[in-house]
Novice: 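I have a structure here, written as structure tokens, and I will follow up with some questions on it.
Since this is a predicted model, take the numbers as computed values, not measurements. Note that these values count all heavy atoms, side chains included, but never hydrogens, waters or copies made by symmetry. In this chain, residues are counted from 1 in sequence order.
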Amino acid sequence: MSTTTTVRPMADIGTMLRRNLRHAQRYPGLSLGALGMPVVMILLFGLVFGDTFSAGLGGGAGGFDYIDFLTPGILLMSIASGTMSPAVAVCMDMSEGIVARFRTMAIFRPAVLTGHVLGNVLVTSVSLALVVGFAVLIGFRPNASVGDWLLAAVLLIGLTIGLTWFAIALGLTSKTPEGASNVVLPISLLLPFLSNTFIPLEAMPSGIRWFAEYQPFTPIIDSLRHLLLGTPMDASSGWLAAAWCVAIAVVGYFWAQASYNKGTVA
């Protein structure tokens, strides 16, 4: 009896994960967009605008390397851009009636949403690896130790899990897949651009600087720069970055599970 209780949830989650990966293969547009957009951003801002940004931020005199400054922020953009796919997918599941069928079957109820989360974590991990690879090709030179890379990976995966649960919760509150694709835009566009991804906080206008300083992406980017490049970091930034990841994951998880269990799509 205990074996069945232990093994079945894992088997059901694995089944739902395979289902979502097959859907990603059948409808590659969203996945390719999530994979390709951060690569385009790292090439555009790193190669095309990199010298201009570097000069404007003091590269000529202080040896400021813009591609090193930029890459940690683009890694977060990779995670943020990947939130659209699970939000749309879960909204489609709810609106097309497949979830009603799942509820009549003897399956582990959280497996449906967990499969979406794990599938997106795998796709996003590929995107992160591509960004790092392209960044290294155009000049990114991290000096992180193995331990620092592991901590950075934990931080990135933690944020991916948290934002995916939050995006799924938003997708469950959307009436249509189109609405689900729009409702996650603040995550995929607003937070990355209004952070210290492209320029330091000191170079921002006061109002934007205040928002950027207190939103979740900024301490996470600061922590990644510290881990990968050894840049100075406020002592509280690491704990704040971890706290944001946990808070987003907890809120997203319970919100998503509550909406899914109620079957609300409005």
Side-chain angles (χ1 to χ4, degrees), residues 34-35 37-50 53-54 56-59 62-83 121 124-163 187-204 209 211-245 248:
L35 292 172
M37 195 276 281
V39 172
V40 171
M41 297 295 288
I42 194 76
L43 293 175
L44 179 64
F45 284 92
L47 285 179
V48 179
F49 301 133
F53 273 85
S54 182
L57 295 171
F64 181 82
D65 195 333
Y66 187 67
I67 188 63
D68 285 345
F69 178 86
L70 175 68
T71 300
I74 298 296
L75 291 174
L76 263 67
M77 289 191 73
S78 303
I79 297 172
S81 65
T83 58
V121 169
T124 301
S125 298
V126 174
S127 178
L128 293 172
L130 286 175
V131 168
V132 171
F134 275 96
V136 169
L137 285 177
I138 63 175
F140 178 53
R141 296 296 179 263
N143 55 15
S145 66
V146 174
D148 291 334
W149 275 107
L150 289 175
L151 287 174
V154 169
L155 186 59
L156 290 168
I157 296 300
L159 181 64
T160 303
I161 293 171
L163 285 182
I187 297 175
S188 59
L189 290 179
L190 183 63
L191 292 182
F193 279 95
L194 296 182
S195 70
N196 60 348
T197 294
F198 299 103
I199 60 175
L201 293 177
E202 297 77 19
M204 297 179 180
R209 177 180 176 178
F211 178 83
E213 187 173 359
Y214 292 103
Q215 63 121 315
F217 275 28
T218 295
I220 298 174
I221 294 172
D222 284 341
S223 299
L224 287 175
R225 286 181 180 138
H226 176 72
L227 290 170
L228 300 181
L229 301 165
T231 58
M233 181 185 71
D234 186 89
S236 63
S237 291
W239 293 108
L240 191 57
W244 270 116
C245 292
I248 293 169

Novice: Can you name the nearest heavy-atom pair linking Pro219 to Ala241, along with the distance?
Specialist: O-CB, 3.8 Å
Novice: What distance do Leu159 atom CG and Ile79 atom CD1 have between them, rounded to the nearest 0.5 Å?
Specialist: 4.5 Å
Novice: Residues two or more places apart in sequence or in another chain: which of them pass side chain to side chain contact (heavy atoms under 4.5 Å, CB included) with Phe211?
Specialist: Leu191, Leu194, Gln215
Novice: Would you say Thr160's side chain and Val121's backbone share a donor-acceptor pair under 3.5 angstrom?
Specialist: no
Novice: Are the side chains of Pro72 and Leu76 in touch, meaning some heavy atoms are under 4.5 Å apart?
Specialist: no
Novice: For His226 and Pro232, indicate whether the former's side chain and the latter's backbone hold a donor-acceptor pair under 3.5 Å.
Specialist: no
Novice: Is there a side-chain contact between Thr71 and Phe134, using heavy atoms and a 4.5 Å cut-off?
Specialist: no
Novice: Not counting sequence neighbours, list each pair that qualifies as a side chain to side chain donor-acceptor pair (under 3.5 Å) and has a residue in residues 134-146.
Specialist: Ser145-Asp148
Novice: Can you see which heavy atom on Val131 is nearest to which on Pro38, and at what distance?
Specialist: CG2-CB, 3.6 Å
Novice: With sequence neighbours left out, write down each residue that passes side chain to side chain contact (heavy atoms under 4.5 Å, CB included) with Val154, or none if nothing qualifies.
Specialist: none
Novice: What are the two closest non-hydrogen atoms of Ala135 and Ile67, and how far apart are they?
Specialist: O-CG1, 4.3 Å
Novice: Counting only pairs under 3.5 Å, give me each side-chain donor-acceptor contact of residues 196-203, with atom names and distances, residues two or more places apart or in other chains.
Specialist:
{"from": "Asn196", "atom 1": "ND2", "to": "Asp222", "atom 2": "OD1", "distance (Å)": "2.8"}
{"from": "Thr197", "atom 1": "OG1", "to": "Pro192", "atom 2": "O", "distance (Å)": "3.1"}
{"from": "Thr197", "atom 1": "OG1", "to": "Ser195", "atom 2": "OG", "distance (Å)": "2.9"}

Novice: In Å and rounded to the nearest 0.5 Å, what is the OG to CG distance from Ser125 to Leu156?
Specialist: 9.0 Å
Novice: Please report the interatomic distance CG(Leu155) to CH2(Trp244), rounded to the nearest 0.5 Å.
Specialist: 14.0 Å
Novice: Applying side chain to side chain contact (heavy atoms under 4.5 Å, CB included), can you list everything that pairs with Ala152, at least two apart in sequence or on another chain?
Specialist: Leu224, Leu227, Leu228
Novice: Kindly compute the distance separating CG (Leu70) from CD1 (Ile42), expressed to the nearest 0.5 Å.
Specialist: 4.5 Å
Novice: Among all residues two or more places apart in sequence or in another chain, which pass the side chain to side chain contact (heavy atoms under 4.5 Å, CB included) test with Leu189?
Specialist: Leu185, Phe193
Novice: Decide yes or no on side chain to side chain contact (heavy atoms under 4.5 Å, CB included) for Ile221 and Phe69, but give the supporting numbers first.
Specialist: CA-CA 10 Å; Ile221 294 172; Phe69 178 86; over 6 Å; no
Novice: Atom CG of Leu75 and atom CG of Leu128: how far apart are they, to the nearest 0.5 Å?
Specialist: 6.0 Å
Novice: Is the backbone N or O of Ile74 less than 3.5 Å from a side-chain atom of Ser78, with the two atoms forming a donor-acceptor pair by type?
Specialist: yes
